[in-house]
Amino acid sequence: MTVRVRIAPSPTGFLHVGTARAALYNWLFARGRNGVFILRSDDTDSERNDPKYQQDIVTSLRWLGLDWHEGIDVGGPHAPYQQSLRSDRYREVAMDLLERGLAYYCFATPEQLDEFRRQAQAAGRTPAYDGRFRLESGVAAARVAAGEPAPIRLAVPRPGATTFHDAVRGEVTFDHAQVEDFVILRSDGSPTYHLASTVDDVDFEVTHVVRGEDILSSTPKHIILTEALGARPPVYAHLALLMGPDGKKLSKRHGHTALNAYRADGVLPEAMVNYLALLGWSPGEDETIVSLEEMVARFRLEDVTKNATIFDNDKLEWMNGVYIRELAVDDFVARATPLVEEHLGRALAVSEGEQLAAIAPHVQERAKRLTEVAEQVAFIFGDVEYDAASWEKVMTTPEAPTAIAAARAGLATLEDWNTPAIEAILRDMLEELELSARKGFQPLRVAVTGSTVSPPLFESIEVLGRDVALARLEAAATRLGAG
RNA sequence: GACCCGUUCGUCCAACGGCCAGGACACGAGGCUCUCAUCCUCGAGAUCGGGGUUCAAUUCCCCGACGGGUCGCCA
């Protein structure tokens with residue numbers, strides 16, 4: 001049987017990294033088994049849905065490099081893949097369940113329900129509504145006929161229990177005393193998540209449901225419903241949730257939760273995928289940098305960790321740096337250019353593009369995020385901005401004025417303006433002045449780049465060009481003289 | 001409170017009854033070096049507690065503690 005998996009986010013917010021990870025695991029699982037990956041939109045909450053979120057889900061998933069065989073934007077044999085467009089189907093199922101006596105109109109008042117839950121809680125029981133206020137079907141039918149609105153609840157078999165084998169957790173059992181007679185159709189006729197999601201999984205022939213652990217306790221509901229529909233339940237796999245550094249559920253206060261925020265921060269999709277994959281799963285050996293092909297080949301649900309995992313930004317950054325360094329230089333330039341232009345607030349001229357390409361290899365090995373590139377090369381494309389601390393640290397030394405003056409004089413005589421020549425003449429200068437590289441070069445670095453931290457000095461000087469480089473040395477000399 | 005899930009270095013993963021419990025990030029020290037990075041070497045750092053089972057438990061079982069999740073006409 002063909003493996004069919006799905007990811008079914010609700011468009012009520014930007015794609016969460018946890019959802020992205022679940023999507024990745026589903027994708028890897030399908031890929032490795034020649035299966036089908038489906039993107040569905042569980043948009044049954046008309047209050048909170050927003051088209052912009054649905055768009056973000058699609059673009060974020062594609063940015064990660066994931067693709068799907070069937071889904072909201074690509075169609076497929078079971079289209080539409082959007083729950084808001086399938087209301088009739090859910091209503092039909094609800095009515096069928098009603099007719100077969102497996103579900104019922106509920107006329108319990110909110111007060112009754114509250115009171116029941118309060119008492120259950122007080123008595124040390126789980127406050128799961130057990131259907132005790134259910135009306136005799138004739139009575140209920142009459143009230144409905146009279147136009148009284150009421151939700152439909154599923155009649156959970158009592159007593160009873162549901163046991164299933166979770167692919168990551170093993171056998172899990174829930175006594176039905178813990179499972180309420182849940183609402184499947186709201187009194188306004190709209191389906192709840194439980195109904196819509198289960199019906200879709202059945203209709204779309206989903207074989208494996210890989211989702212967050214937050215839905216583990218709802219799984220018996222879905223199994224009972226599935227069986228009521230006369231279908232065989234899929235294999236379930238519940239992924240542990242992502243936590244913040246403090247061990248609490250990952251949320252905004254820990255940093256970013258939206259995948260698009262990482263993208264905006266200059267994180268490479270390759271790095272994000274690698275990091276997310278290893279956050280709760282391991283290919284077996286002590287490998288850290290793993291290719292997509294390798295992941296596909298090795299991924300198994302049984303190897304997914306059962307513990308909640310903490311999202312570690314430091315490790316993500318480190319890994320991102322590794323991937324940045326692995327990029328071919330022209331690819332690196334292509335990816336960094338938009339961010340540089342954004343930082344500058346303007347497009348780069350052709351000659352500037354060449355300058356960027358020339359310095360690129362040197363900033364490539366210094367960047368952990370693509371956004372850092374813009375900061376590191378800014379000195380090339382605008383006026384120098386002296387970093388106050390840097391100036392204070394190296395320009396107030398006695399050797400600063402001499403070094404700058406000597407460098408100016410030396411560089412001015414240079415025939416060939418290239419890194420080896422620049423380095424040679426500056427090192428000669430060092431020898432003549434009897435200065436250490438540190439003492440002699442740091443003032444030049446600040447003069448030329450504005451900071452004590454920069455790409456390599458000689459390359460920076462070359463890329464800047466003779467005129468600009470000399471002008472900057474002169475400007476620094478003037479400023480020193482004035483001070 | 002009830003139920004469910006979980007518990008190996010600070011963090012993420014290995015070890016799925018048997019070599020000094022391994023790797024990565026972070027951290028510390030050193031080396032390379034024109035700064036910062038990269039890179040290299042070294043170091044510190046963990047099996048939650050208690051009972052069992054076994055010749056042998058990180059690994060299997062039970063109890064406890066702790067952490068997480070769920071208890072809606074949200075998903």
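To find a chain, count down the sequence lines: A is the first, B the second, and so on, and within it residues start at 1.
Donor-acceptor pairing under 3.5 Å, judged by distance alone, is present between the side chain of A:Arg366 and the base of B:U35. The base of B:C5 has none of its N or O atoms less than 3.5 Å from a complementary donor or acceptor on the side chain of A:Arg169. Taking only distance into account, the side chain of A:Arg445 meets the base of B:C34 through a donor-acceptor pair shorter than 3.5 Å. Under 3.5 Å, the side chain of A:Thr192 and the base of B:C73 form no donor-acceptor pair of N or O atoms. One N or O donor and one acceptor, one from the side chain of A:Asp286 and one from the base of B:G22, sit under 3.5 Å apart.
Set against B:U8, B:A75, B:C34, the side chain of A:Phe441 has B:C34 as its closest nucleotide. Residue A:Arg438 places its side chain closer to B:U35 than to any other of B:U35, B:C13, B:C25. Among the nucleotides B:G68, B:C25, B:C34, the one closest to the side chain of A:Met243 is B:G68. For A:Asp312, whose side chain is taken as the heavy atoms from C-beta onward, the closest listed nucleotide among B:C16, B:U11, B:U35 is B:U11.
Here the P atom of nucleotide B:C73 and the CG atom of A:Leu185 are 13 Å apart, to the nearest Å. Between A:Ile359 atom CD1 and B:C36 atom P the separation is 17 Å, expressed in whole Å. Atom-to-atom, CG of A:Asp303 to P of B:A14 comes out at 8 Å; the value is rounded to the nearest Å. The nearest whole Å value for the distance from the NZ atom in A:Lys306 to the C1' atom in B:U59 is 12 Å. In this structure, A:Tyr53 places its OH atom 15 Å from C1' of B:A75, rounding to the nearest Å. Between A:Leu241 atom CG and B:A75 atom C1' there is a gap of 13 Å when expressed in whole angstrom units. Atom CE in A:Met319 sits roughly 14 Å away from atom P in B:C12 (whole-Å rounding). A:Ile310 has its CD1 atom 13 Å from the C1' atom of B:G6, to the nearest Å.
Between the CG atom in A:Leu98 and the CG atom in A:Leu154 there is a gap of 10.5 Å [rounded to 0.5 Å]. Distance check, rounded to the nearest 0.5 Å: OG1 of A:Thr305 to CG of A:Leu278 gives 11.5 Å.
Comparing A:Asp314 and A:Phe174 against RNA chain B, the residue whose closest nucleotide sits nearer the 5' end is A:Phe174. Checking A:Asp42 against A:Thr452, the closest nucleotide of RNA chain B that is more toward the 5' end is the one next to A:Thr452.
For B:A29, the paired base is B:U41 (Watson-Crick or G-U wobble, both distances below 3.5 Å). Shown here, B:C60 forms a base pair with B:G52; the pair counts as Watson-Crick or G-U wobble because both key distances fall under 3.5 Å. B:C3: Watson-Crick or G-U partner is B:G69, with both key distances under 3.5 Å. B:A21 is unpaired under the criterion used here, namely a Watson-Crick or G-U wobble arrangement in which both key atom distances are under 3.5 Å.
Inspection of the A:Ser190 and A:Arg186 side chains reveals an N or O donor paired with an N or O acceptor under 3.5 Å.
Counting any heavy atom pair closer than 4.0 Å across all strands shown, A:Gly280 reaches sugar-phosphate atoms only and no base atom. Nucleic acid contact for A:Thr126: base, since at least one base atom lies under 4.0 Å from a heavy atom of the residue. Note on A:Pro455: a base of the nucleic acid sits closer than 4.0 angstrom, heavy atoms only. Within the 4.0 angstrom heavy-atom criterion, only backbone atoms of the sugar-phosphate kind lie near A:Arg117; the bases stay farther away. Residue-level contact check: A:Ser451 touches neither bases nor backbone, having no heavy atom under 4.0 Å from any strand.
Distance check on atom P: B:U54 versus B:C20 gives 24 Å, rounded to whole Å.
Among A:Asp331, A:Leu339, A:Val333, the one residue that satisfies the side-chain contact (heavy atoms from CB on, under 4.5 Å) test with A:Arg335 is A:Asp331.
Cation-pi geometry between A:Arg143 and A:Phe107 is met: the NZ or CZ atom falls under 6.0 Å from the ring centre, inside 45° of the normal.
A 6.0 Å sphere centred on CD of A:Glu385 holds no more than 12 heavy atoms belonging to other residues, nucleotides or ligands.
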